[in-house]
Colleague: 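Please find one structure pasted underneath; my questions will follow.
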Amino acid sequence: LRSFAYVQWDFANRIAVYSATTPYEAHPTQSLAAIPLEPEREGMIVKGMIDGRSQSILLDVCGDFELAMAEPPMNLVRQVALDDVVMLQVRASSIREHGLGRADLPRVGTRLLSKYRVTLDNRRNEVVFEPPLRPGAPAAVR
């Protein structure tokens, strides 16, 4: 994914956009958050908070879960915050249960990410969260 200028997933509308050369321009009033990627790390890893604890979090656009952790709590996680994007009452499951590697990092999966249009902007080295496009709107409209 790093070889593209940007990659965007609009889960609600089942749209994925891959741009090789055109830079991404987020609509200024649509952007909910623009979170820097952690430098020198592979994957979509950002700083976030889980129940008030700051930590690195992997954004897993293929994971069919809300939150996967090495040792998930028995109860719901009260809050996962990615900058201004805050998700409440999150169901956590075990990374091992899903057969995933990198047990050192909690992962936010598509059951949470699907509420947003998520853009990996490689030129700015950040992940942008926006509301999904209106149903039927062309992908180029922001």
Colleague: Under 3.5 Å, side chain of His98 to main-chain N/O of Leu100, donor-acceptor pair present?
Modeller: no

Colleague: Indicate if Val90 and Val46 have the same hydrophobic cluster label, given that clusters are the connected sets of ILVMFWY residues with side-chain heavy-atom separations under 4.5 angstrom.
Modeller: yes

Colleague: I'd like to know if the side chain of Arg123 reaches the main chain of Thr21, judged simply by a donor and an acceptor atom lying under 3.5 Å from each other, with no hydrogens or angles considered.
Modeller: yes

Colleague: Under a 4.5 Å side-chain heavy-atom rule over Ile, Leu, Val, Met, Phe, Trp and Tyr, are Val7 and Tyr116 clustered together?
Modeller: yes

Colleague: Are a donor atom and an acceptor atom from the side chains of Tyr24 and Gln8 found within less than 3.5 Å of each other?
Modeller: yes

Colleague: Given the rule that I, L, V, M, F, W and Y join up when any side-chain heavy atoms are under 4.5 Å apart, are Val127 and Tyr18 in one cluster?
Modeller: yes

Colleague: How about Glu97: does its CD atom have over 12 heavy atoms from other parts shown lying under 6.0 Å from it?
Modeller: yes

Colleague: Taking Asp83 for its side chain and Val85 for its backbone only, find out whether a donor-acceptor pair lies under 3.5 Å.
Modeller: no

Colleague: Salt bridge (charged side-chain N to carboxylate O under 4.0 Å, His left out) for Glu25 and Arg124? Distances and angles first, verdict last.
Modeller: CA-CA 10 Å; Glu25 294 299 327; Arg124 290 187 181 93; 3.4 Å; yes

Colleague: Which atoms form the tightest heavy-atom contact between Ala70 and Ser94, and what is the distance?
Modeller: O-OG, 4.4 Å

Colleague: For the side chain of Asp51 and the backbone of Arg78, is there at least one donor-acceptor N/O pair under 3.5 Å apart?
Modeller: yes

Colleague: Just checking, any donor-acceptor pair under 3.5 angstrom between side chains of Glu38 and Ser56?
Modeller: yes

Colleague: Would you say Leu37 and Ile57 are hydrophobically clustered, going by side-chain heavy atoms of ILVMFWY under 4.5 Å?
Modeller: yes

Colleague: Is the backbone of Thr22 close enough, under 3.5 Å, to the side chain of Ser19 for a donor and an acceptor to pair up by distance?
Modeller: yes

Colleague: Give a yes or no on whether Val118 and Leu67 share a hydrophobic cluster (residues Ile, Leu, Val, Met, Phe, Trp, Tyr; joining criterion: side-chain heavy atoms under 4.5 Å apart).
Modeller: yes

Colleague: Can you give me the closest heavy-atom contact between Arg111 and Asp64, atom names plus distance?
Modeller: NE-OD1, 3.0 Å

